[in-house]
Structures are given as structure tokens and as C-alpha cells.
Amino acid sequence: MSFLELLKIEFMKVKRSKIVPLIFIAPLLVVVSGVANLSVYFTPEYTNAWSAMFIQSALVYAYYLLPFSMIVVCVMIAGRENGNNGMLKMLALPISRYALSIAKFCVLAFYLFMEMVVFFVVFIIAGTIATSTMGVDEAMPVIYLMKWCIGLFLTMLPCVGTMWAITVLFEKLLFSVGLNLLLVIPGVLVANTPLWIAYPYCYSGYLVSCSLHDFTVESNTLTFSMFPFLPIAMLVFVLVLAVAITQFGKKEMR
């Protein structure tokens, strides 16, 4: 069986799950509330309305709601194999368990991407309504919004990889959920310390915090530096993914 066929099977497994409605909840909640709260202060002379709305919406989303929704998606993907000894039956097939773990992580990354697309679309709709209602004559910065949404997606990958590794390592899904939630909560605190660079749960939030700083001080230079962040983030991502791949199915085979 080719990897593409295996990937197709994994998508079929989650086709009837509640994942698709789930990835709409967090973007709708944070964008609508964020834009509505900020738009009351708009005047026709207001400048940088789109940037202000994005930061207002993305700050809580990046630190908490996006990671929370990905934890649930992790559990829903892993939970498909828990009933009726599904994992043991799957591992009995002539398929590499490494390939199975990679395929499941690809499904997880796909839903992360889809949630960012939903966030982007919902934000554009809400922002357009807010600026039109308040008479703000400002062009929609599509490239700016796409750049930051792609940034959120990429910085979330090490976090999602860590979540998946924890889900793979522990047999009880409730324990993996609790541990992941425990690691997400202090993200905003760790982001304000030098340790943030080794803490993937705060990467996306730190990115938005940097954009807030740049917006507040009206700086032309980004405070988010790609070095040494990029090599360390890539190392973290490779390590946690390697753990997830090598440990997948081990506890069930004992």
C-alpha cells in the first residue's frame, strides 16, 4: 500500500467525525468578538483598522483557542483507533507503524491548515462588515493578512507535533489532554521570558505579541527575529515528530 493510499484511508476514518464543525468554533468566536469590541472605537478617520482588528482577534486565538482546538483534534484522530481494539487490528496489517503515524500527523496538520483558512475567511468577512459599517475607508491588506496567517500556521507546527507526540506516548487520552492543556496555559507567561524559544506552545502567541509591539511603537523593523528561532523551532519539530513516529503503537504491542 502506497503512502497516498494510506493517507486517503486516514482521511476517510475522520470523515464522519465532528472535526470540521470544531475548526469553525474558535475562529468564529474570537474574530466576531474581537472585531465587534474594537469596531465601536472606529471613526471614518481611523487608520490601520485592519491591523488593529487582526491583532485584537489573533492574540487570544494564538495563545489559547487555536492550541485548545488542536488538542481536541489530536484526541479525535487518536480516538478513532481506541474502540474495539482498533489499534491492534490496524497494527496487524502489513503496514509500517511509522507510516501510519506520519499519515495521522499529516491529517492533523491538514486540519490545522483548514482552521487557519477558516480564520482568514471569517476575519475578512467580519472586518469588511466592521469597516463598512463604521465608514472606515481603508483598503483590505490581503497580503498582510495572508502573511500573518501563514506565520501562525508555521509557528503552530512544532506545537502540534508536541501535542501529537504526547497523545501517542500515553495510553489514556484523558491524561494526554490534561497534560497538553497544562502546557498551553502558561504559554503567555513563558513568552515573556528567555525560555520562550524552547517552548513550542507559545510560538504562535509570541509571533502575535511581536506584531502587537511593532504596531504599538509603529516600528519598521520586526521584533520577531528568525534567528535563532528558526533552527531551534525546526529542531524541536523534528525531535517531537521523531518521538511520535518511533513510539506510535509501541504501548499497544506490549
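- Taking Leu235 as the reference, Leu239 meet the side chain to side chain contact (heavy atoms under 4.5 Å, CB included) condition, with sequence neighbours excluded.
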Could you walk me through whether Phe123 and Val35 pass side chain to side chain contact (heavy atoms under 4.5 Å, CB included), step by step? CA-CA 8 Å; Phe123 181 79; Val35 171; 4.2 Å; yes

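- The backbone N or O of Tyr98 sits nowhere less than 3.5 Å from a side-chain atom of Ser101 that would complete a donor-acceptor pair.
- Rounding to the nearest 0.5 Å places CG of Leu207 at 5.5 Å from CG of Leu152.
- Nearest heavy atoms, Ile197 versus Pro228: CD1-CG, 3.5 Å.
- Between Leu66 and Met116 there is a side-chain heavy-atom pair separated by less than 4.5 Å.
- Residues Val184 and Leu169 share a single hydrophobic cluster, defined by chaining ILVMFWY side chains whose heavy atoms lie under 4.5 Å apart.
- For the atom pair CG of Leu183 and CD1 of Ile166, the computed distance is 5.0 Å after rounding to the nearest 0.5 Å.
- Hydrophobic clustering, with ILVMFWY side chains joined whenever heavy atoms are under 4.5 angstrom apart, groups Met70 together with Phe113.
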Checking Cys149 against Phe119 for the side chain to side chain contact (heavy atoms under 4.5 Å, CB included) test, could you report, in this order, the C-alpha distance in whole Å, the side-chain angles of both residues, the deciding distance, and whether it holds? CA-CA 8 Å; Cys149 286; Phe119 178 80; 3.9 Å; yes

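- Val238 and Val168 are not part of a single hydrophobic cluster, where members link through side-chain heavy atoms under 4.5 Å apart.
- Contact record, Ala109 with Leu157: CB-CD2, 4.4 Å, taken as the closest heavy-atom pair.
- Between Thr246 and Arg97, the shortest heavy-atom distance links the atoms O-NH1, 2.8 Å.
- Of the inter-residue distances, the one linking Ile77 atom CD1 with Tyr111 atom OH reads 7.0 Å to the nearest 0.5 angstrom.
- The distance from the CG atom of Asn37 to the CD atom of Gln56 is 6.5 Å, given to the nearest 0.5 Å.
- Residue pairs satisfying the ring-ring contact (aromatic ring centres under 6.0 Å, His included) criterion with at least one member in residues 12-38, sequence neighbours excluded, are absent.
- Of the inter-residue distances, the one linking Ile185 atom CD1 with Phe68 atom CZ reads 5.5 Å to the nearest 0.5 angstrom.
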Take Leu22 and Met76 through the side chain to side chain contact (heavy atoms under 4.5 Å, CB included) test and state the conclusion after the steps. CA-CA 11 Å; Leu22 172 69; Met76 293 178 77; 4.1 Å; yes

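- Between Ser176 and Leu173, the shortest heavy-atom contact is OG-O, 2.7 Å.
- Remark: side-chain polar atoms of Thr193 are paired, donor with acceptor, to backbone N or O of Val190 under 3.5 angstrom.
- Phe153 and Val20 end up in the same hydrophobic cluster when Ile, Leu, Val, Met, Phe, Trp and Tyr side chains are linked at under 4.5 Å.
- Tested against Trp196, the residues Phe229, Tyr63, Tyr201 include a single ring pair (Phe, Tyr, Trp, His ring centres under 6.0 Å) partner, Phe229.
- Distance check: Trp50 CH2 to Thr128 OG1 gives 3.5 Å after rounding to the nearest 0.5 Å.
- When hydrophobic clusters are built by joining Ile, Leu, Val, Met, Phe, Trp and Tyr residues whose side-chain heavy atoms come closer than 4.5 Å, directly or via intermediates, Tyr64 is not grouped with Val32.
- Residues Glu10 and Lys13 are paired through a salt bridge, judged by an N-O separation under 4.0 Å between the basic side chain and the carboxylate.
- A donor-acceptor pair is defined here as one N or O able to donate and one able to accept, closer than 3.5 Å; no such pair exists between the side chain of Tyr206 and the backbone of Asn192.
- Under the side chain to side chain donor-acceptor pair (under 3.5 Å) criterion, no residue pair touches residues 23-35, with sequence neighbours excluded.
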